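First the structure, in the form of structure tokens, and then the observations on it.
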Amino acid sequence: MGSLYLGVSKETISKYVIFSGDPGRVRKIVAHMDNVKEIAYNREFNTYTGYYEGVKITVTSTGIGGPSAAIAMEEMYECGMEVAVRLGTIMGLTDNLGHVVIPRGCMKLESTSKTYVDASYPAVADYDLINCMNESSKKNGLVYENPIICSMDGYYSEMKELRLSKKMGIDVKAKIEDLKRYNIGGIDMESGVVLTLANLMNIKGCVVTMTTVLENLKDYLKDEDRIKAEEDLIKIVLDGIKVYASKEME
């Protein structure tokens with residue numbers, strides 16, 4: 001079939017792929033890499049391939065939400081992807097602002113994954129990849145945790161109160177309290193899709209996020225703290241992939 005939206009091919013990507021929601025963050029990631037080539041930039045999909053300490057890695061953006069993340073996963077899989085890592089931010093539901101969150105699984109309250117498989121199908125991360133990312137977090141001196149998280153579709157209807165949700169009588173805070181009773185560590189919009197598809201594809205998949213905001217935006221990382229958190233997150237993922245690649249060669 002080929003790549004309809006991403007503009008990639010088997011010749012232009014690595015088997016190791018990093019997915020970042022923000023197209024602008026892709027440039028920050030590849031700034032840490034060598035011999036970087038821009039592959040394509042179409043809509044929300046900004047793709048580069050380069051090398052991090054000898055390991056060939058492709059980095060692409062997905063935009064916000066599950067549908068576009070699924071498109072990126074599908075087209076990268078079509079071109080030979082074997083390892084998928086989502087690098088992004090998360091809304092924390094515990095006192096974990098600034099912590100690295102490397103979930104072991106994801107509760108799926110989004111709808112995209114349900115177009116592929118029954119909702120009972122689990123969204124779980126690969127243990128080997130989790131361990132490599134945990135190891136990378138330790139080496140970089142960062143606090144990390146491995147909770148279950150949740151993916152949702154409606155940012156302003158499920159995660160953050162705004163004028164319309166209040167007008168419509170949508171109780172965002174009640175939804176969040178329910179998740180906290182389930183010991184959910186945080187909420188995002190893409191991980192449920194990424195982990196579900198990685199398992200359906202029979203490839204390795206994991207998620208590495210940084211808690212940059214707390215529930216309903218009651219607190220958030222600001223200015224230099226936010227910039228540093230993003231750089232820390234990038235270093236963890238790149239070093240983690242390097243650790244995983246070295247173990248594959250053993």
Side-chain angles (χ1 to χ4, degrees), residues 5 19-28 43-46 60-73 86-103 105-115 119 123 145 147-197 207-234:
Y5 289 104
F19 295 92
S20 172
D22 182 1
R25 190 184 297 126
V26 170
R27 297 188 184 93
K28 296 177 183 178
R43 300 194 181 193
E44 62 265 55
F45 306 110
N46 187 17
T60 196
S61 53
T62 65
I64 298 175
S68 57
I71 289 171
M73 286 283 290
R86 163 169 147 67
L87 181 161
T89 58
I90 195 167
M91 177 182 287
L93 299 189
T94 62
D95 187 18
N96 60 354
L97 189 64
H99 290 193
V100 179
V101 175
I102 306 169
C106 185
M107 180 180 182
K108 298 181 294 181
L109 294 184
E110 45 73 33
S111 298
T112 303
S113 64
K114 299 178 184 67
T115 67
E145 51 195 68
I148 295 172
I149 63 169
C150 178
S151 286
M152 293 175 154
D153 284 330
Y155 185 79
Y156 287 123
S157 58
E158 297 177 296
M159 299 168 68
K160 172 69 175 76
E161 287 181 318
L162 215 56
R163 183 180 176 186
L164 181 59
S165 59
K166 293 176 182 178
K167 177 183 176 182
M168 298 295 293
I170 299 171
D171 196 340
V172 172
K173 291 182 179 179
K175 292 183 180 184
I176 290 174
E177 288 303 313
D178 283 341
L179 295 181
K180 290 168 73 173
R181 282 191 285 272
Y182 304 150
N183 297 317
I184 299 297
I187 313 171
D188 73 359
M189 302 180 74
E190 298 84 18
S191 294
V193 173
V194 170
L195 294 179
T196 297
L197 293 191
V207 171
V208 184
T209 62
M210 180 75 74
T211 305
T212 54
V213 300
L214 294 182
E215 58 183 274
N216 204 26
L217 267 70
K218 69 179 185 182
D219 197 5
Y220 58 95
L221 293 181
K222 306 169 186 69
D223 303 326
E224 291 81 6
D225 289 336
R226 173 65 186 248
I227 294 171
K228 182 182 184 303
E230 193 168 51
E231 286 297 309
D232 287 341
L233 183 62
I234 291 168

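Computed from a predicted model, the values in this text were never measured in an experiment.
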**Prompt:** When rounded to the nearest 0.5 angstrom, what is the spacing between OG1 in Thr62 and CD1 in Ile71?
**Reply:** 10.0 Å
**Request:** Write down the atom of Ser113, the atom of Gly192, and the distance for their closest heavy-atom approach.
**Result:** CB-O, 4.4 Å
**Message:** Give me the atom names and distance for the closest heavy-atom approach of Leu87 to Ile234.
**Reply:** CD1-CA, 4.0 Å
**Asked** In Å and rounded to the nearest 0.5 Å, what is the CD to CD distance from Glu110 to Glu158?
**Response** 10.5 Å
**Asked** Roughly how far apart are Asn96 CG and Met210 CE, rounded to 0.5 Å?
**Response** 11.0 Å
**Message:** If I compare all heavy atoms of Val207 with all of Pro103, which pair ends up nearest, and what's the gap?
**Reply:** O-CD, 3.3 Å
**Asked** Between Leu179 and Glu215, is a side-chain contact (heavy atoms from CB on, under 4.5 Å) present by the stated rule, with each step listed?
**Response** CA-CA 11 Å; Leu179 295 181; Glu215 58 183 274; over 6 Å; no
**Asked** Do side-chain atoms of Ser61 reach the backbone of Glu44 as a donor and acceptor pair under 3.5 angstrom?
**Response** yes
**Item:** Audit row: Arg226, Thr212, side-chain contact (heavy atoms from CB on, under 4.5 Å) steps and yes/no
**Value:** CA-CA 7 Å; Arg226 173 65 186 248; Thr212 54; 3.7 Å; yes
**Request:** Using a 4.5 Å cut-off on heavy atoms from C-beta on, say whether the side chain of Asn183 contacts that of Pro147.
**Result:** no
**Request:** Verify side-chain contact (heavy atoms from CB on, under 4.5 Å) between Glu161 and Lys166, making sure each step is shown before the conclusion.
**Result:** CA-CA 7 Å; Glu161 287 181 318; Lys166 293 176 182 178; 4.0 Å; yes
**Message:** Closer than 3.5 angstrom, by distance alone: can the side chain of Glu190 be matched with the main-chain N or O of Gly65 as a donor-acceptor pair?
**Reply:** yes
**Prompt:** Short question: side chain of Asp153, backbone of Ser111 - any donor-acceptor pair under 3.5 Å?
**Reply:** yes
**Message:** Is it true that, when you exclude Lys222 itself, more than 12 heavy atoms of the residues, nucleotides or ligands shown sit nearer than 6.0 Å to its NZ?
**Reply:** yes
**Asked** Between Glu177 and Lys180, does at least one N-O distance fall below 4.0 Å, as a salt bridge requires?
**Response** yes
**Request:** Please step through side-chain contact (heavy atoms from CB on, under 4.5 Å) for the pair Arg25 and Thr89, ending with a clear verdict.
**Result:** CA-CA 11 Å; Arg25 190 184 297 126; Thr89 58; 3.9 Å; yes
**Message:** Could you measure the distance from the CD1 atom of Ile187 to the CD1 atom of Ile149? Nearest 0.5 Å is fine.
**Reply:** 10.0 Å
**Message:** So which atom in Pro23 and which in Asn46 form the shortest heavy-atom distance, rounded to 0.1 Å?
**Reply:** O-ND2, 3.3 Å
**Prompt:** Among Thr209, Val208, Ile90, Asp232, whose side chain to side chain contact (heavy atoms under 4.5 Å, CB included) with Val100 holds?
**Reply:** Val208
**Request:** First locate atom CD1 of Ile64, then atom CG of Asp188, and finally report the distance between them rounded to the nearest 0.5 Å.
**Result:** 11.5 Å
**Asked** Taking Asn216 for the side chain and Lys218 for the main chain, is one N or O donor matched with an acceptor at less than 3.5 Å?
**Response** no
**Complete:** For Leu233 and Gly88 the tightest heavy-atom approach is CD2-O, 3.1 Å
**Complete:** In terms of heavy-atom contacts, Thr112 and Ala70 come closest through CG2-CB, 3.9 Å
**Pair Asp178-Lys175, salt bridge (charged side-chain N to carboxylate O under 4.0 Å, His left out): steps then yes or no** = CA-CA 5 Å; Asp178 283 341; Lys175 292 183 180 184; over 6 Å; no
**Item:** More than 12 heavy atoms from other groups under 6.0 Å of OH on Tyr155
**Value:** yes
**Request:** Give, for atom CG of Leu214 and atom CD1 of Ile176, the distance between the pair rounded to the nearest 0.5 Å.
**Result:** 10.5 Å
**Asked** Donor-acceptor pair, Ser151 side chain versus Ser191 backbone, under 3.5 Å?
**Response** yes
**Item:** Contact check, side chains of Glu145 and Thr94, non-hydrogen atoms, under 4.5 Å
**Value:** yes
